[in-house]
Structure formats: structure tokens, C-alpha cells
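Beneath this line is the structure, given in C-alpha cells, with notes to follow.
Note that these values count all heavy atoms, side chains included, but never hydrogens, waters or copies made by symmetry. Sequence lines set the chain letters: A, B, ... in the order given, protein chains first and strands last, and positions in each chain run from 1.
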2 protein chains.
Amino acid sequence: MEPQLSEVSLPARLAEPDEDISAEELALAARNHGMPLEALRHDRTPAGLHYLLVHYDIPYLDPETWRLAVTGQVGSPFELSLAELRELPARTVRVTMECAGNGRAQLRPRPVSQPWLVEAVGTADWTGVPLREVLERAGADPDAAEVVCTGADHGVERGVEQDYQRGLPLGEALRDEVLLAYAMNGEPLPPQHGFPLRLVVPGWYGMAHVKWLREIEVVGTPFTGFQNAVAYRTRQSPEDPGEPVTRIAPRALLVPPGFPDFQSRHRIVRPGPVELTGRAWSGRAPLARVEVSTDDGACWRDAEVEPAGAHPWAWRRWRATWRAEPGRYVLSVRATDADGVQPVTQPWNRGGFANNAVHRVPVTCLPARNG
Amino acid sequence: MEPQLSEVSLPARLAEPDEDISAEELALAARNHGMPLEALRHDRTPAGLHYLLVHYDIPYLDPETWRLAVTGQVGSPFELSLAELRELPARTVRVTMECAGNGRAQLRPRPVSQPWLVEAVGTADWTGVPLREVLERAGADPDAAEVVCTGADHGVERGVEQDYQRGLPLGEALRDEVLLAYAMNGEPLPPQHGFPLRLVVPGWYGMAHVKWLREIEVVGTPFTGFQNAVAYRTRQSPEDPGEPVTRIAPRALLVPPGFPDFQSRHRIVRPGPVELTGRAWSGRAPLARVEVSTDDGACWRDAEVEPAGAHPWAWRRWRATWRAEPGRYVLSVRATDADGVQPVTQPWNRGGFANNAVHRVPVTCLPARNG
């Protein structure tokens, strides 16, 4: 029998209750990587430490021949070269980006997909042309519904062959800080982050920030393509139409203190004052509070949080001091925004999206060396 | 009872026959990442796509106060600042680096450690001062046995608390192309690749290229520290003293053709000519041959291999054309060096080191779109 797409591209599934990480999930984890948590020390994440999720393959695009097509409900469709884009008014925005599936591998039952723990985050300075600038020049229909952004990355997902494509509501697309970005931390985009051009939608989970952009189309009705209508929805069952995944829920992470065991990554400290520090963020509302716990969430106390400053879309540093004594601990940190606090027990959804359970870091304080 | 190091840092172990990837192995895979195989297209691997293995945490070193100490059997011990190192004669060497554990997760039984599949490789231009230059200036004892290189990264491994440390035989340390490198692809080292200084030992597996260097000590007897005497030896049993892991065995990898399914990474092509390409390398002897197979190794034919050129320590591109027809295939590629050819069945060792089994890529050729 001739081969069919359906035999190699299967429906979504949940792991069996006793099923550890499969070879397929490991293959995804070997390609897509998190940010080692000690890199929370950097205000902006250096190249190569920012989290990365590539749905299909990294496409290789020639910047000389590459064009961005602007189409759909516009005055007249046109194309822009990279040189033309670079001549338009530019701005730089510092943005904390997080994968919508961050935390998925900790869910029970576990949705089988990229098996993120907590590290799928990073912060960069993105430079480019506001999308609004290009939409205005195009004479985009102000009554249009969405802007559909298409990348050059091609693959198949649950039987649907596609270029990666997402619709963004027009109201979001017209926000000042939504960018067609050609630089990351002052350098041309690395291939894996969307060279030569990607969308950046501050405050939204990573799936909205379409990489390797080749077309933006203004459309009159909400996009019903795979990545909006099938993937990236919080559902309780396959039949549930679910809710779209949009803005980043509040989260705080901790730089694991002390030093690690190689294999288990378990942390070891010695008695005395230990500085606890990390970052907290929310894409939906300003941060109100960050708290730490050294007894696995029984008691919480406020951490000191740096002011929001000039970067409202970026994470904020927090600090607290812990006086460690020999024993076994679980350190935790939780953020609160205007809409609420991070949960201890993660509400479940079938895709494993928008998790923000409290970060827990087991730590052992050994007796003093000379003790 | 007061906590002990031994309760959080356990002996090496092998996975049970039916044991999938554990949470601990996944946590390592989320931090340390391979090179997505489509990046084999690049002669040198862009920042962030080169494989990365960090034993403990990435240390953050202040380049202003950082010093390299040169000690042991030398005329007189001294220290070098980064500025002083940059004033010494420099050279740039293109080096293919591969993790000694590449392929470990495919072994049965599986050694429980960083669960690499095949992607733990990358090629970069490393710039720095030949180690020999510094050893000669130090008046290193020509009858010394080894140079012990110590990094600033600190952790515990199988109960042994340590800074990462490796001994390199003096004869190797004096090779022209062994570098104290401060730049990668023309930029200062990224934090995760050893900023401000790392050792580069062309031809050797990654464990020899000590990152975040803080001391080089000339010693009269072979180093018996953890990373030489306990880890990085090929053993058949815990009691076996084993052989040290040194030079990179020959290997060829294939850019997976066509496009992938998101979840399984299974490849799909359509009928017609498909260019097969990738890279091949060996750290121990010049490459003699690269062959491809489209029938899971039943038949092999020669690929075209680019000349060695100016970069004897770097991978070489190979090419072949395949005329795909609808069906199910396993594509393979294998390299041969002066010492032999890659094995189909991987000889096993307890640490999972120095694997180089033939790369296998399952591919489905669908009927033509209009067929």
C-alpha cells in the first residue's frame, strides 16, 4: 500500500499514567532547549541561552532574495526587502518570552509533546519596525479582523501539512510595541530565532511571535488555521473547542542556589546567609508581589522586587536572603499580578498550555565543612 | 540525622531494560542541548546552535578581576589577565567538537546520564593563544607528565565535590593547535562556552576542552582526579579500570531531508531527486571515505566528499543524490577513516562514551501531490 501522511503524523495523545519520557519526546528535548536557570542572572539573555522552540526545521533564507509580502485587505499589496524594512522607523523593546507549553512535562497526565519543565523562557532586546507602521503604509482595512502571519518553516502536525501560520487580532497587531523584528540583542536574528524577520508580540506566549516571516495578510474573519483553531487552545477533552492561549500568566523563577549534583541537579548549600534571587513576570497585568518560601510553601514572605523601570514587557529581578542551617528544604517563589497569584497545584488542560505552578527547588544544606 | 553528600549524589547506574527516560535525564536534556541537524548546512555553527554540555552551573566570571594561574613544575608560577593573554601571539583553528557521550541514549542497557541521541556536535572557529606559548614562557619542565586544567565550575558528581578538572598529557598540550581560546566565531566566548577562557584540544572529545579556565598546573605524574580516573573511561563493569576516552571516532551525519512531522520528527519527501548532504569527521585519522545507503544499510554507495582544505580539524561536507519514489526508507551514512569504518551495531561501554554507530533516518516518500 502506498504510504499515507496519516501513518507518520498521529493525533495528539496523553502519556499513560506510568509512562516516562518517550524517545520521541527526548528527540524534541535534544533540539529545543530551555534557558539554564543560572542565566536568570542576566537582564537580557545572551545568544544561545534564550529558550528555543522550532516546530519544524530551521529554514535557511537568503537575505538578498527574501521578501515580506503584505497582502489581503490592504490598499494595494506590496513586498518589502530587508533593506527597505531597515529604512523604516525602528524601535527596540525588551521582551520576556515564554513558551506556551512551559511546564507541560510536570502535568499528570502528561500531554505528549515538547516536554518542558520550567526553563522555556528568555528575555531579549528586539529591534524592528512596528507592525502598525507597515499596516498603515499598506492602507490596511480598519474593520479587518486579524493579521495572519506566515513563516517559511514547513512541516506536518497531526496530519495537517502546513507552513507555520498564526492569526493575530487587529487590535493587538496595532499595539505600538508589536514589532517586525530583524535584530536580537543588537545583532541580526540568529537563524534559529527567525532570521531574517520575526514577529514580536510583547506579553503573549511564544506561539504568537511567528519566526521566518514571509507574508502578513490582513483578513476580514478570524483565522481558522491549525495553530489557532486546533493547537494552542486550552481544552479539557478532544471535543472541547477550548479557549485560545494568549497572554503570559504570572510566574517567578529562582536561580538555584549553591552548587548542583551533576546527575540529579539537586542543590547543595552550606550553613550561613544564602542570597535568593531570580526573575518574575506577567504578560497580562503588572506584577504586584513576589514571595519566597523555604518550607515548601507552608510560610511565605515578601521578596524585594526591582522597579518596573523602562522595560514594562520584561521580567523583573527579585531578591531575598535565607539563613541556611543543616537540613533538607524545598525553596519556592511565587508571583502575583493584578489578576491573581501562581497556583501550587496546576490546573490541567489537554495541550499542557499556560502552566504557571509555583517553582520548587529542593536544596540540601550540609553541615559546615569544619563542623 | 544530618544530611550527607552521599544521599543526594549517587553512584552511576544503568537504566532498567524497560525504563524510559527519567525526570532526571529530562532535566539534563532541557539544559544541555544538541545541534539541530539542519544546522549541518553551516560550515561553522552559529552561536546557540553548537552543542552544549555544562557539568555543573555556568559560572559568571568578571573579566576585569579574572586571572589564569600558571603553576606546578614551571620556572616560576605567574598569573595572566585577559588583556595580557590577548597581547600574546594568537591563532584561529576551526574545530569540530563532539561530546564523548554523544549517542548514549541509544545504548541498551542505557547508562543514566545526559541522554544524547546523535546531535552533540558543532564546529566553530576558536581564537586564542597556543597553550605551548604559555608553557614555554613559564619554563615548563620538559619531563613533566601532564598539564592539569581547572575550570571555575563547581559541583558534585557521584559523591565527589570538585571544580571541573582534567589532565592532558604534555605531548598533547604542546601540539601547535591546542589553544587557550578567548573567542568563538570571532566573538568573545559566550558565557556557556567558557567565558572568558577555555581550552581547545582539536581532535579530542569535548571533555578535554576545559571551560572557564582558572588554572593550568604542570605536574610530574598523571592526574588521578575524577574526570580522568573515574569518569570518561570506557569500562565494561564498575571494577574495570577501563581505557581513557581521548580522540573522536569517525562519524557522519545527514541533514534529514524533506520536512518533519512535529511530534515524531519523522521525515517526509515527495518523488523526484532529493539531495542528500551532511558532514563527516574523525579526530584520530584523516577521513578516507563517506558512503550512503537508502535501504537501511543493505547497499552502500560513495558520496562526494569536499577536500580537507585549510581546516584539518573540522568536519567535511559530503553530498549524494537520491531519486525518491513512493515508499518507506531508512537513509544512512557512514564514514571511514584510516583506522576503520563506523559500526552498525554499537559496541557497549558502561559510561556510554565514544559511540559512533551509523546514523539512521527513517523517511517516507509520499505519492506526488497530483498523483
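- Interatomic distance, CZ of B/Arg328 versus CG of B/Leu366, reported as 9.5 Å (0.5 Å rounding).
- At a threshold of 4.0 Å, the pair B/Arg265-A/Asp57 counts as salt-bridged, since one of the basic side-chain nitrogens sits closer than that to a carboxylate oxygen.
- The aromatic rings of A/Tyr56 and B/Phe262 sit perpendicular to each other, their planes meeting at more than 60°, with 30° as the lower class boundary.
- Between A/Glu19 and A/Arg13 there is a salt bridge, since a side-chain N of the basic residue sits under 4.0 Å from a carboxylate O of the acidic one.
- Classification of A/Arg31 and A/Glu24 as a salt-bridged pair fails, no side-chain N sitting under 4.0 Å from a carboxylate O.
- Only the side chain of B/Glu7 comes within less than 4.5 Å of a heavy atom of chain A; its backbone N, CA, C and O stay farther away.
- B/Ser264 touches chain A through backbone and side chain together, each having a heavy atom under 4.5 Å away.
- At a 4.5 Å heavy-atom cutoff, the contact between B/Pro191 and chain A is made by side-chain atoms alone.
- If you measure heavy-atom distances from B/Val118 to chain A, you find no contacts under 4.5 Å at all.
- Interface residue A/Leu49: backbone and side-chain heavy atoms are both found under 4.5 Å from chain B.
- Contact annotation for A/Ala105: only side-chain heavy atoms (C-beta onward) come within less than 4.5 Å of a heavy atom of chain B.
- Remark: the backbone N or O of A/Ala124 is not paired with any side-chain donor or acceptor of A/Asn185 at under 3.5 angstrom.
- Atoms CE and OG1, on B/Met35 and B/Thr45 in that order, are 5.5 Å from each other to the nearest 0.5 Å.
- For a residue to count as touching a neighbouring chain, one of its non-hydrogen atoms must lie under 4.5 Å from one of that chain's; by this rule A/Thr364 touches chain B with the side chain only.
- Atoms CD and CZ, from B/Gln114 and B/Arg104 in turn, are 7.5 Å apart once rounded to the nearest 0.5 Å.
- Relative ring orientation between B/Tyr51 and B/Trp116 is described as perpendicular, the plane-to-plane angle rising above 60° on a 0-90° scale split at 30° and 60°.
- Interface remark: B/Pro46 contributes side-chain atoms only to the contact with chain A (heavy atom separation under 4.5 Å).
- Of the two parts of A/Glu119, only the side chain, counted from C-beta on, holds a non-hydrogen atom closer than 4.5 Å to a non-hydrogen atom of chain B.
- Among A/Asp261, A/Leu117, A/Ile268, the residue making the largest number of heavy-atom pairs under 4.5 Å with chain B is A/Asp261.
- For the set A/Gln106, A/Glu161, A/Glu157, the entry with the most heavy-atom pairs within less than 4.5 Å of chain B is A/Glu161.
- Contacts with chain A were tallied for B/Ile21, B/Val112, B/Val54, B/Leu10; B/Ile21 has the most, counting heavy-atom pairs under 4.5 Å.
- B/Glu2 touches chain A through backbone and side chain together, each having a heavy atom under 4.5 Å away.
- Residue contact with chain B, scored on non-hydrogen atoms closer than 4.5 Å, involves the backbone and the side chain of A/Ile58 alike.
- With chain B as partner, the option from A/Gly258, A/Ala120, A/Ala29, A/Ser9 having the largest number of non-hydrogen pairs under 4.5 angstrom is A/Ser9.
- Ranked by heavy-atom pairs under 4.5 Å with chain A, the list B/Ser113, B/Ala27, B/Pro190 is led by B/Ser113.
- For A/Gln4, the part lying under 4.5 angstrom from a heavy atom of chain B is the backbone only.
- Between A/Arg108 and A/Glu16 there is no salt bridge, since no side-chain nitrogen of the basic residue lies less than 4.0 Å from a carboxylate oxygen of the acidic one.
- Proximity to chain B (any heavy atom under 4.5 Å) is shown, for A/His50, by neither the backbone nor the side chain.
- Atom CH2 of residue A/Trp212 and atom CZ of residue A/Phe195 lie 12.5 Å apart, to the nearest 0.5 angstrom.
- A salt bridge links B/Arg317 with B/Asp43; the closest basic N to acidic carboxylate O contact falls under 4.0 Å.
- Counting heavy-atom pairs closer than 4.5 Å to chain B, the top residue among A/Gly155, A/Gly34, A/Pro3, A/Gly48 is A/Pro3.
- A search for side chain to side chain contact (heavy atoms under 4.5 Å, CB included) contacts involving B/His33 returns A/His33, B/Leu52, not counting sequence neighbours.
- We find that A/Asp296 and A/Arg360 are joined by a salt bridge, their nearest charged nitrogen and carboxylate oxygen being less than 4.0 Å apart.
- Both the backbone and the side chain of B/Leu26 come within contact range of chain A, each with at least one heavy atom under 4.5 Å from a heavy atom of that chain.
- Only the side chain of B/His266 comes within less than 4.5 Å of a heavy atom of chain A; its backbone N, CA, C and O stay farther away.
- A salt bridge between B/Arg214 and B/Asp163 is present, with a side-chain N of the basic residue lying under 4.0 Å from a carboxylate O of the acidic one.
- Neither the backbone nor the side chain of B/His193 has a heavy atom closer than 4.5 Å to any heavy atom of chain A.
- With a 4.5 Å cut-off on non-hydrogen atoms, B/Arg158 touches chain A through its backbone but not through its side chain.
- The contact between B/Leu37 and chain A is made entirely by backbone atoms, counting heavy-atom distances below 4.5 Å.
- Residue with the most contacts toward chain A among B/Pro36, B/Ala12, B/Ala39, B/Ser22: B/Pro36 (heavy-atom pairs, distance under 4.5 Å).
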